[in-house]
Peer 1: 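Before anything else, here's the structure in question.
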Amino acid sequence: MSNTEHGLDNAENTRPHNFITQIIDEDLASGKHKEVYTRFPPEPNGYLHIGHAKSICLNFGIAKDYNGLCNLRFDDTNPLKEDVEYVDSIKEDVEWLGFKWAGKVHYASDYFDTLYDYAIELIKKGLAYVDELSPEEMREYRGTLTEPGKNSPYRDRTVEENLALFEKMKNGEFAEGKASLRAKIDMASPFMVMRDPVLYRIKFAKHHQTGDKWCIYPMYDFTHCISDALERITHSLCTLEFQDNRRLYDWVLDNISIERPLPHQYEFSRLNLEGTLTSKRKLLKLVEDGIVDGWNDPRMPTISGLRRRGYTPASIREFCRRIGVTKQDNVVEYSALEACIRDDLNQNACRAMAVIDPVKVVIENFEGEEILTAPNHPNRPEMGERQLPFTKEIYIDRADFREEANKQYKRLVLGKEVRLRNAYVIKAERVEKDAKGEITTIFCTYDPDTLGKNPADGRKVKGVIHWVSALHNHPAEFRLYDKLFTVSNPGAEEDICSVVNPNSLVVKHGFVEQSLGNAAAEKGYQFEREGYFCADSKDSRPEHLVFNLTVSLKESF
Ligand code: ATP
Ligand code: MG
């Protein structure tokens with residue numbers, strides 16, 4: 001069966017090859033690892049976005065391709081920014097994308113006790129100390145890329161002193177910012193992360209998983225590598241900005257007594273998508289400032305936003321497959337994402353008719369009512385057909401009629417003929433206008449001998465337009481989306497509000513054919529000649545249908 005026949009399914013079955021799968025193949029061949037164990041480690045401080053989808057597809061995809069396992073682990077070391085709402089949304093998004101994590105959901109906070117013990121071990125080995133420099137002093141002492149840092153005056157405390165002070169930190173006897181636990185590595189290291197990085201800081205904050213148990217929280221660099229090792233992760237995949245942190249990752253694991261073999265971190269380039277933000281912090285701002293209708297606004301590059309917009313899991317997985325995994329930094333054109341959903345829906349979406357900017361047509365020589373049938377898909381008969389009531393009054397789109405037009409205009413013109421999709425050929429005879437000169441009704445005649453066939457006398461009717469019965473239909477709201485930003489790199493803007501596209505949402509009111517009365521939310525349709533749409537999961541109801549434009553029929557330039 002051809003690739004196009006089943007949409008995106010076939011392409012997906014080919015296992016990707018990239019520098020990471022190459023490493024895995026070598027590790028399995030050499031016996032370094034017997035199986036592959038990956039993890040996806042989001043911080044629950046926002047909803048997942050398309051960039052995370054890349055990481056999800058990579059990590060879960062590898063586990064699937066190699067018959068391995070992939071954990072979902074919440075990297076929850078910063079309670080101030082985190083919330084169970086985010087935990088829940090992340091689980092939902094990963095599942096919706098079609099992936100299953102191994103066993104239970106993991107939390108870095110599951111390991112807080114163990115992490116504390118490893119901190120003690122480092123202190124006992126003389127490899128960590130309690131520092132009382134203020135955050136500003138610490139910054140000064142750190143040095144710069146061109147200048148080495150200076151040792152903290154607290155650096156050479158005895159093990160006993162450090163143990164006692166760390167205990168005090170844990171017991172809440174220091175105020176926030178007054179003490180921290182630091183690794184004792186090298187203040188002159190060319191790698192800033194190795195200049196005695198902070199391992200623990202004080203935060204009097206309630207944690208969504210551990211409540212008030214802790215007032216000290218471990219830092220990412222200390223937590224992540226240990227969590228990986230505890231979970232027996234073999235290949236710890238992250239984005240390139242963590243390249244330098246790998247030194248610290250290895251340093252921590254090398255210096256604690258934790259079971260071997262140790263995990264290894266590999267970095268790949270993050271996804272940057274033209275015209276979009278891929279930072280939870282910046283997306284949060286759009287939500288907080290009310291610029292969008294929540295995290296799942298259909299204009300958001302979040303997984304939940306794309307879902308509400310009408311993207312399918314397969315289309316997002318296909319996008320991630322097409323962009324591949326490398327170490328090269330680049331920006332992917334937005335059209336590459338759109339092409340994936342278009343390909344999917346072109347193959348798999350039912351066709352339907354919707355008139356977005358309606359004008360009434362009266363077919364003067366037609367009486368009564370006729371039930372026509374139309375295929376749900378032009379070349380997939382197995383998708384069935386639907387009924388279309390044909391009536392004397394119908395709606396067509398205002399843009400599909402002109403009183404005068406040249407030959408390029410292949411729609412309805414006064415005195416000329418056009419075919420109504422799935423129905424008859426009609427001819428425009430005259431129009432009626434209101435006081436402002438706007439056309440209110442187009443009066444036509446139809447040729448009863450043109451259903452499913454060309455006019456008998458050989459007249460050529462080139463144009464085909466879509467329509468909806470004016471008697472049997474559902475009124476509908478159409479939300480037409482455009483890019484959320486007017487610039488291609490909104491992330492670089494100081495004031496994000498200044499580059500929001502004021503026309504990113506245009507609302508229209510029109511009609512959809514009768515068969516769409518119970519259109520399921522998020523199920524994609526091709527509204528013929530209009531675009532791909534789906535019913536909005538938040539606002540669409542039987543008595544007030546709302547359809548989101550998922551993507552246009554063709555790439556626009
Ligand atoms: P954000 O800046 O949106 O908060 P993050 O990296 O801080 O992103 P995490 O929750 O820590 O968010 O990310 C979880 C995983 O997803 C990490 O392994 C991270 O490297 C990966 N990831 C995040 N953004 C992208 C992206 N744009 N492309 C690919 N992977 C990404
Ligand atoms: Mg992060």
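Not measured: the values here are computed from a predicted model. Read the numbers this way: they start at 1 and go in the same order the structure lists the ligands and their atoms.
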Peer 1: Report yes if some N/O of Glu43 lies less than 3.5 Å from some N/O of ligand 1; otherwise report no.
Peer 2: yes
Peer 1: Would you name the heavy atoms of Asn501 and Asn503 that are closest together and state the gap between them?
Peer 2: OD1-N, 2.8 Å
Peer 1: Verify whether one side chain among Glu43 and Tyr86 offers a donor that lies under 3.5 Å from an acceptor in the other.
Peer 2: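 No - no donor-acceptor pair under 3.5 Å links their side chains.
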Peer 1: Within the structure, does Pro41 bring an N/O atom to less than 3.5 angstrom of an N/O atom in ligand 1?
Peer 2: no
Peer 1: Under a 4.0 angstrom heavy-atom cut-off, which atoms of ligand 1 come close to Ser279?
Peer 2: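 Answer for ligand 1: 2 (O), 3 (O).
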Peer 1: For the residue pair Glu85 and Tyr47, what are the closest heavy atoms and their distance?
Peer 2: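 Scanning both residues completely, I find the closest heavy atoms to be OE2-OH, 2.7 Å.
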Peer 1: Closest heavy-atom contact between Phe166 and Ile120?
Peer 2: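 Smallest interatomic distance, heavy atoms only, reads CD2-CD1, 4.0 Å.
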Peer 1: Does Asp539 pair with Arg308 as a salt bridge, N-O distance under 4.0 Å?
Peer 2: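 Judged by the 4.0 Å cut-off on N to carboxylate O distance, Asp539 and Arg308 do form a salt bridge.
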Peer 1: Number the atoms of ligand 1 from 1 as they appear, then name those within less than 4.0 Å of a heavy atom of His49, with their elements.
Peer 2: 3 (O), 24 (N)
Peer 1: Hey, does the Lys NZ or Arg CZ of Arg299 hover above the aromatic six-ring of Phe485, less than 6.0 Å from the centre and inside 45° of the axis?
Peer 2: no
Peer 1: Below 4.0 angstrom from a heavy atom of Pro42, which ligand 1 atoms are there? Numbered from 1 as shown, please.
Peer 2: 10 (O), 14 (C)
Peer 1: Quick one: which ligand 1 atoms are inside 4.0 Å of a heavy atom on Lys280?
Peer 2: 1 (P), 2 (O), 3 (O), 4 (O), 8 (O), 9 (P), 10 (O), 12 (O)
Peer 1: So is there a nitrogen or oxygen of Phe268 less than 3.5 Å from a nitrogen or oxygen in ligand 1?
Peer 2: no
Peer 1: Please tell me whether Asp75 and Tyr220 have a donor and an acceptor in their side chains that are separated by less than 3.5 angstrom.
Peer 2: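 Short answer, no.
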Peer 1: Pick one of side chain, backbone, both or neither for how Arg281 approaches ligand 1, counting any non-hydrogen atom pair under 4.0 Å.
Peer 2: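 No part of Arg281 comes within reach of ligand 1.
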Peer 1: May I ask you to list the atoms of ligand 1 that are less than 4.0 angstrom from any heavy atom of Thr239?
Peer 2: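 Matching atoms, with element in brackets: 19 (C), 20 (O), 29 (C), 30 (N), 31 (C).
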